[in-house]
Asks: 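This structure is in structure tokens; I'll ask about it shortly.
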Amino acid sequence: QVQLVESGGGLVQAGGSLRLSCAASGGTFSRHNMAWFRQAPGKEREFVGVIAWSGGSTWYADSVKGRFTISRDNTKNMAFLQIDSLKPEDTAVYYCATGLGWSRSSRAYDYWGQGTQVTVSS
């Protein structure tokens, strides 16, 4: 059973940066793709991006391309989401998820973290 724990969220001013972390345990992290999603109040969960198990490929939602960067360290069973030039509309709970899928759909990922809140003030 894979367990994921996100951290690094918080309150930040618009234009600032945050680095979210996702710690994995209990499974073969290095062989699974890792995705990030976010969910703003009153909205559906939204795909942010995904990184391949090898770290060699990434895919981002158009809405975050150029400001968000996903990376991973398989030696530490960690994945990261670097968010730059934060905007108030980035306010959401951010989730990491893992699985064999390579998709924008949340159904492609089998394991999820509990989420970490990011709040961007204007």
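When reading the values below, keep in mind they use all heavy atoms of this one structure, side chains included, and skip hydrogens, waters and symmetry mates.
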Asks: Can you tell me how far the OH atom of Tyr60 sits from the OG1 atom of Thr69, to the nearest 0.5 Å?
Replies: 5.0 Å

Asks: Taking side chain to side chain donor-acceptor pair (under 3.5 Å) as the definition, give me every residue that meets it alongside Glu89, ordered by chain and number, with sequence neighbours left out.
Replies: none

Asks: Nearest 0.5 Å, please: how far is OG in Ser121 from CD in Gln13?
Replies: 5.0 Å

Asks: Which distance, rounded to the nearest 0.5 Å, do you find between the CH2 of Trp36 and the CD1 of Ile70?
Replies: 8.0 Å

Asks: Among Leu18, Thr91, Val93, whose side chain to side chain contact (heavy atoms under 4.5 Å, CB included) with Val118 holds?
Replies: Leu18

Asks: Grab the two heavy atoms, one from Gly99 and one from Asp110, that are nearest each other, plus how far apart they are.
Replies: CA-OD2, 4.0 Å

Asks: Grab the two heavy atoms, one from Ser17 and one from Asp84, that are nearest each other, plus how far apart they are.
Replies: OG-OD1, 2.9 Å

Asks: Applying side chain to side chain contact (heavy atoms under 4.5 Å, CB included), run through Glu6 and Trp112 and close with a yes or a no.
Replies: CA-CA 10 Å; Glu6 302 95 336; Trp112 292 77; over 6 Å; no

Asks: Under a 3.5 Å distance rule, please check whether Asn33 uses its side chain to pair with a backbone N or O of Trp53 as donor and acceptor.
Replies: yes

Asks: Is the closest side-chain heavy-atom distance between Phe47 and Trp59 below 4.5 Å?
Replies: yes

Asks: Any chance you could measure Ser7, atom OG, to Arg19, atom CZ, to the nearest 0.5 Å?
Replies: 10.0 Å

Asks: Kindly say whether Arg107 contributes a backbone atom to a donor-acceptor pair with the side chain of Ser105 at under 3.5 angstrom?
Replies: yes

Asks: Does a side-chain heavy-atom distance below 4.5 Å link Val64 with Arg38?
Replies: yes

Asks: Which heavy atom of Met34 sits nearest a heavy atom of Ala97, and at what distance?
Replies: SD-O, 3.1 Å

Asks: Between atom OG of Ser122 and atom CG of Leu86, what is the distance when rounded to the nearest 0.5 Å?
Replies: 13.0 Å

Asks: Does CD in Gln117 sit with more than 12 non-hydrogen atoms of other residues, nucleotides or ligands closer than 6.0 Å?
Replies: yes

Asks: Any heavy-atom pair between the side chains of Thr98 and Val2 that's under 4.5 Å?
Replies: yes

Asks: Minimum heavy-atom separation for Gln114 to Tyr95, with atom names?
Replies: O-CE2, 3.5 Å

Asks: Filter on disulfide (SG to SG under 2.5 Å), then keep only pairs touching residues 71-122, sequence neighbours left out; what's left?
Replies: Cys22-Cys96

Asks: What distance separates Ser106 OG from Glu44 CD, expressed to the nearest 0.5 Å?
Replies: 9.0 Å

Asks: Would you indicate whether the side-chain heavy atoms of Met78 and Ser21 approach each other to under 4.5 Å?
Replies: yes

Asks: Please evaluate residues Phe80 and Arg72 with respect to the criterion side chain to side chain contact (heavy atoms under 4.5 Å, CB included), reporting the C-alpha separation (whole Å), side-chain torsions for both, the decisive distance (0.1 Å), and the verdict.
Replies: CA-CA 6 Å; Phe80 307 97; Arg72 65 190 296 163; 5.7 Å; no

Asks: Taking the six-membered ring for Trp, are Phe37 and Tyr109 parallel (under 30°), tilted (30 to 60°) or perpendicular (over 60°)?
Replies: perpendicular

Asks: Is it the case that the side chain of Arg104 and the backbone of Val48 share a donor-acceptor pair, with hydrogens and angles ignored and the cut-off at 3.5 Å?
Replies: no

Asks: What's the verdict on salt bridge (Lys or Arg N to Asp or Glu O under 4.0 Å) for Asp90 and Lys87, showing C-alpha distance, side-chain angles and the deciding distance?
Replies: CA-CA 5 Å; Asp90 293 322; Lys87 304 176 181 180; over 6 Å; no

Asks: Are Val50 and Ile83 linked, directly or through other ILVMFWY residues, by side chains that come within less than 4.5 angstrom of each other?
Replies: no

Asks: Could you label the plane-to-plane angle of the Phe68 and Tyr94 rings as parallel, tilted or perpendicular, counting under 30° as parallel and over 60° as perpendicular?
Replies: tilted

Asks: Between Tyr111 and Gln3, is any pair of side-chain heavy atoms under 4.5 Å apart?
Replies: no

Asks: Group every Ile, Leu, Val, Met, Phe, Trp and Tyr by side-chain heavy-atom contacts under 4.5 Å, then state whether Val12 and Leu20 land in the same group.
Replies: yes

Asks: Are Trp102 and Leu4 linked, directly or through intermediate hydrophobic residues, by side-chain heavy-atom contacts shorter than 4.5 Å (ILVMFWY only)?
Replies: no

